[in-house]
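Below is one structure, written out as structure tokens; comments come after it.
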Number of protein chains: 2
Amino acid sequence: MSVSIDNFLKNIYLLSQETGSSVTSSILAERLGISVAAVTDMARKLGRQGLLDYRPYRALMLSDKGRKMALKVIRKHRLWELFLYRVLGMDLMSVHEEAEKLEHHTSDKLMEHINRFLEHPDFDPHGDPIPGIGGNVPSEKGVVPLSEIEEQEKCKIKKLRYRDSEVSKMFETFGLRKDMVLKVLKVYSFDGSIELEFPDSKKVMISEKLADNIFCVKQ
Amino acid sequence: MSVSIDNFLKNIYLLSQETGSSVTSSILAERLGISVAAVTDMARKLGRQGLLDYRPYRALMLSDKGRKMALKVIRKHRLWELFLYRVLGMDLMSVHEEAEKLEHHTSDKLMEHINRFLEHPDFDPHGDPIPGIGGNVPSEKGVVPLSEIEEQEKCKIKKLRYRDSEVSKMFETFGLRKDMVLKVLKVYSFDGSIELEFPDSKKVMISEKLADNIFCVKQ
DNA sequence: TTTTGTATTTAAGCTTACTTAACTTTGTCT
DNA sequence: AGACAAAGTTAAGTAAGCTTAAATACAAAA
């Protein structure tokens with residue numbers, strides 16, 4: 001399968017997960033950095049191939065076959081991320097872009113070697129679930145956006161969305177890491193910013209937009 | 001850099017090493033599985049980019065810049081092969097085709113992580129030298145084709161050329177492996193076939209063509 | 001119900017890496 | 001030297017994956 005098709009299907013899946021709503025041509029075009037016309041073209045093509053249910057002017061919906069392909073690419077991506085992080089010691093800021101390339105050029109056989117080496121992990125180093133070979137996605141029960149935590153409540157970080165290098169850098173400079181326990185001190189309704197207390201009692205203030213990329217479980 | 005360009009330069013380098021003579025358009029076309037016209041096109045293009053010294057109707061010669069690029073791809077290929085073999089336990093017959101894809105999608109940074117993990121190896125699992133970052137190739141002094149060993153002489157296998165899956169299978173069924181010590185019992189000038197004795201005293205006969213893919217040092 | 005603005009599709013065209021087929025150069029053989 | 005076969009080049013065309021610009025559908029407001 002071509003890199004284009006892989007990325008197309010993968011990003012439809014990821015966008016629908018991230019936003020919780022339907023994926024339009026323009027949103028996908030924006031995400032892939034290509035024109036809306038190119039998305040229409042590809043969507044029609046993948047519709048013919050039975051990878052998605054394409055209807056003009058409607059949102060993009062993956063078929064079962066398409067979702068399976070998307071999950072397979074995501075599996076490869078996340079296994080690579082964990083491998084690069086845990087085995088080769090690459091930093092969290094780099095593993096995403098490396099995995100972004102490797103995921104398309106990895107045979108199922110090689111992937112299962114890596115899976116075995118890592119002892120069948122369920123989550124990647126950012127906390128995202130690694131889909132199984134059959135397409136089953138490990139549960140994230142109880143994982144909610146940081147904004148849903150009440151004032152004075154404690155929670156543990158379960159997932160950090162490294163959406164780009166700037167956000168990655170912010171996580172790093174704030175010292176935010178997976179499995180860290182935080183206390184939400186105050187939520188300012190004025191702009192949605194949140195004041196947090198770290199395990200070492202250090203206090204910081206983060207914006208609503210950054211908070212949207214942090215997910216945790218209540219303690 | 002595109003996969004096409006990488007492969008073009010890499011195979012010019014490899015062919016000139018393997019055959020010891022100059023690389024023509026038709027030989028390269030055959031190797032890459034594309035038409036001669038496509039080779040001419042690409043050669044002209046890479047000539048303009050200063051990656052090779054292109055002159056119509058003459059053999060293809062890499063420039064310094066082109067050779068460096070070729071060696072870099074070969075370095076990636078061979079480091080991947082060793083990594084897949086030694087760390088992930090893949091079989092020798094598979095590592096080549098996996099590396100063939102990965103080599104084009106591996107950053108220099110990732111490659112150096114792998115190099116460090118493997119503790120700066122000099123040879124891949126087939127016995128081929130791994131070029132250094134600067135383009136220096138580890139010495140293969142004393143390594144000669146099996147056909148150059150005299151009758152009754154002993155030698156140690158240093159390199160096996162896994163040119164395709166059939167040859168790989170033959171190595172496997174004969175039990176030929178790197179660092180194995182062989183004795184050449186008889187060379188038949190009629191067809192060039194060679195009778196060998198294994199460490200366990202087992203005797204086998206191999207064809208000249210297979211012997212051409214075995215390289216060793218005299219003991 | 002008609003208007004209007006936004007989203008989507010269609011159309012035409014570009015680039016890369018190929019193809020086949022026709023043509024040209026080279027080097028060898030007599 | 002001349003002819004010829006082999007090797008290489010040029011020309012024209014294809015498919016994939018894009019682009020921009022013009023045309024069309026949809027949905028929400030008047």
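In the text below, chain A, chain B and the rest are named by the order of the sequence lines, each starting its count at 1.
- E112(A) meets the salt bridge (Lys or Arg N to Asp or Glu O under 4.0 Å) test with R75(A); sequence neighbours excluded.
- Of the two residues near DNA chain D, S2(A) and P56(A), the one whose nearest nucleotide lies more 5' is S2(A).
- Remark: R44(A) in residues 44-53 of chain A come within less than 4.0 Å of DNA chain C through at least one heavy atom.
- A search for side chain to side chain donor-acceptor pair (under 3.5 Å) contacts involving S147(A) returns nothing, not counting sequence neighbours.
- Among residues two or more places apart in sequence or in another chain, the salt bridge (Lys or Arg N to Asp or Glu O under 4.0 Å) test is passed with E18(A) by R31(A).
- Panel note: side chain H126(A), backbone L160(A); no donor-acceptor pair is recorded below 3.5 Å.
- At most 12 heavy atoms of other shown residues, nucleotides or ligands fall within 6.0 angstrom of atom CD in E30(B).
- If you check residues 28-39 of chain A against DNA chain C, the residues with a heavy atom closer than 4.0 Å are V36(A), A37(A), listed by number.
- In this structure, the separation between CG on D128(A) and CD1 on I74(A) is 9.0 Å, given to the nearest 0.5 Å.
- By the 4.0 Å N-to-carboxylate-O rule, K218(A) lies too far from E150(A) to be salt-bridged with it.
- Judged as a side chain to side chain donor-acceptor pair (under 3.5 Å), and not counting sequence neighbours, K178(A) has no contacts.
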Provide a list of protein-nucleic acid N or O atom pairs under 3.5 angstrom, restricted to nucleotides 4-6 of chain D.
none

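- At a threshold of 4.0 Å, the pair K109(A)-E98(B) does not count as salt-bridged, since none of the basic side-chain nitrogens sits closer than that to a carboxylate oxygen.
- Looking at residues 5-24 of chain B, you'll see T24(B) sit with a heavy atom under 4.0 Å from some atom of DNA chain D.
- At most 12 non-hydrogen atoms from other residues, nucleotides or ligands lie less than 6.0 angstrom from NZ of K72(B).
- First and last contacts of DNA chain C with chain B, using any nucleotide atom under 4.0 Å from a protein heavy atom and ordered 5' to 3', fall at dA17(C) to dT26(C).
- Across all strands shown, S26(B) has heavy atoms under 4.0 Å from sugar-phosphate atoms exclusively, and none from any base.
- Annotation: side chain to side chain donor-acceptor pair (under 3.5 Å) contacts of D212(B) (sequence neighbours excluded): none.
- Listed by chain and number, the residues in a side chain to side chain donor-acceptor pair (under 3.5 Å) with S4(A) amount to none (sequence neighbours excluded).
- Residues meeting the salt bridge (Lys or Arg N to Asp or Glu O under 4.0 Å) test with E81(B), sequence neighbours left out: none.
- Y188(B) carries K186(B) over the face of its six-membered ring, with the cationic atom under 6.0 Å from the centre and within 45° of the normal.
- Without hydrogens or angle criteria, T19(B) side chain to L15(B) main chain gives a donor-acceptor distance under 3.5 Å.
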